[in-house]
Amino acid sequence: MTNTTTRLATWNVNSLNVRLPHMLQWLNSDAADLVAVQETKLTDDRFPVDALTEAGWHSAWHGQKTYNGVALISRSPIEDVTTGIPGFDDTQARVIAGSVGELRMICVYVPNGQAVGSDKYSYKLEWLAALRRYIADSLREHPRLVVSGDFNIAPTVDDTHDPDRWEGNILCSDAERAALAALLDTGLTDAFTCVEPPEQRFTWWDYRQGGFRRGHGLRIDHHLISAPLVEAFGDFRIDIEPRRWERPSDHTPVICELRGN
DNA sequence: ATGGTTGCTCCGCAA
């Protein structure tokens with residue numbers, strides 16, 4: 001038997017400590033083969049490697065105290081793991097990359113930016129410029145590249161529930177969208193655009209104001225895939241179920257299925 | 001709503 005598909009996922013779990021039962025349940029439901037995880041909020045010594053190993057998964061992690069933290073979780077072994085953006089001095093744990101077979105995945109937790117014009121917004125734009133350089137360099141070495149994660153950018157007006165509330169504000173400003181477009185200009189495609197847009201296209205709903213119940217969401221979690229992966233593209237879907245579970249993350253998993261690998 | 005929730009930590013900050 002040959003393995004005919006690889007399902008890539010990205011999921012901002014908003015604390016892997018709190019969400020580990022959800023993650024294990026979701027992994028055990030055979031939902032994905034390789035998962036980019038953001039906001040683990042765990043120092044490296046507290047990463048739940050034993051629970052994941054017992055469940056049959058390989059993992060790699062890059063964490064810090066209280067905030068941020070990223071990880072890769074995979075059925076197959078993960079090789080050549082690197083953390084951070086080369087040449088970009090960052091005290092925040094937001095990037096981990098690894099190879100599974102011929103595939104290279106860069107898992108990113110892009111800064112939120114807080115508010116347009118703030119110091120955190122400047123950091124976000126500088127960070128995205130550094131990520132662009134990193135992606136361009138990575139593509140030369142790894143033609144089969146996917147950049148998956150919480151980008152904290154809604155690409156278009158259709159990716160928000162309320163343009164009056166969001167257009168021009170944080171996650172939806174022109175400069176952020178231009179920075180995302182610059183990432184794509186390196187030779188990547190938003191896997192979401194490889195299928196007909198589904199009715200439900202959001203990936204995050206604010207905990208506040210009953211955001212999920214009211215459908216007040218955004219599409220900010222993405223898979224950016226290189227040209228060889230577009231050739232292998234099979235399917236794209238947003239798995240809304242974990243957002244319905246008790247004590248959920250504010251984000252839900254997003255899956256990109258590739259043929260082959 | 002410039003915030004009504006959540007998670008972490010030390011009780012404010014980040015999202």
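The chains referred to below are lettered A, B, ... by the order of the sequence lines, with proteins before strands, and numbering in each begins at 1.
- Nearest nucleotide to the A:Val18 side chain, out of B:dT5, B:dC8, B:dT6: B:dC8.
- You'll find that the side chain of A:Arg19 is closest to B:dG7, out of B:dA15, B:dG7, B:dC8.
- We find that CD of A:Gln92 is positioned 15 Å from C1' of B:dC8, with the value rounded to whole Å.
- For the 3.5 Å distance criterion, the side chains of A:Ser148 and A:His223 qualify, holding a donor opposite an acceptor.
- Within 6.0 Å of CG in A:Asp89 there are 12 or fewer heavy atoms belonging to other residues, nucleotides or ligands.
- There is a side-chain donor-acceptor pair under 3.5 Å between A:Asp159 and A:Thr156.
- The side chain of A:Tyr109 has B:dA15 as its nearest neighbour among B:dT5, B:dG3, B:dA15.
- Following rounding to the nearest Å, A:Ile170 (CD1) and B:dA14 (P) show an atom-to-atom distance of 14 Å.
- In this structure, the nucleotide among B:dA14, B:dG3, B:dC8 sitting nearest to the side chain of A:Gln114 is B:dA14.
- At whole-Å resolution of the value, CD in A:Gln38 and P in B:dA15 are 14 Å apart.
- To the nearest whole angstrom, the two C1' atoms, one in B:dT2 and one in B:dC8, are 24 Å apart.
- In A:Asp30, the CG atom is crowded: over 12 heavy atoms of neighbouring residues, nucleotides or ligands sit closer than 6.0 Å.
- Side-chain proximity of A:Arg208 to the nucleotides B:dA14, B:dG7, B:dG3 is greatest for B:dG3.
- Listed nucleotides B:dG3, B:dA15, B:dC13 differ in distance to A:Tyr67; the shortest reach to its side chain belongs to B:dC13.
- Listed nucleotides: B:dA15, B:dT5, B:dG3. Nearest to the side chain of A:Gln209: B:dG3.
- Nucleotides B:dC10 and B:dT5 are separated by 24 Å at their P atoms, to the nearest Å.
- Going from the C1' atom of B:dA15 to that of B:dT9 covers 15 Å, rounded to whole Å.
- A donor N or O paired with an acceptor N or O is found under 3.5 Å between the base of B:dG3 and the side-chain atoms of A:Arg165.
- Rounded to whole Å, atom C1' of B:dG3 lies 11 Å from atom CH2 of A:Trp166.
- Within the 4.0 angstrom heavy-atom criterion, no nucleotide atom of any strand lies near A:Asp250.
- No hydrogens or angles were tested; on distance alone, nothing pairs the side chain of A:Asn17 with the base of B:dG7 as donor and acceptor under 3.5 Å.
- Nearest to the side chain of A:Lys65, among B:dG7, B:dA15, B:dT9, sits B:dT9.
- Taking 4.0 angstrom as the limit, A:Ser15 places a side-chain polar atom (N or O) nearer than this to OP1 or OP2 of B:dC8.
- Distance A:Asp206 CG to B:dT5 P: 10 Å, rounded to the nearest Å.
- A search for side chain to side chain donor-acceptor pair (under 3.5 Å) contacts involving A:Ser29 returns nothing, not counting sequence neighbours.
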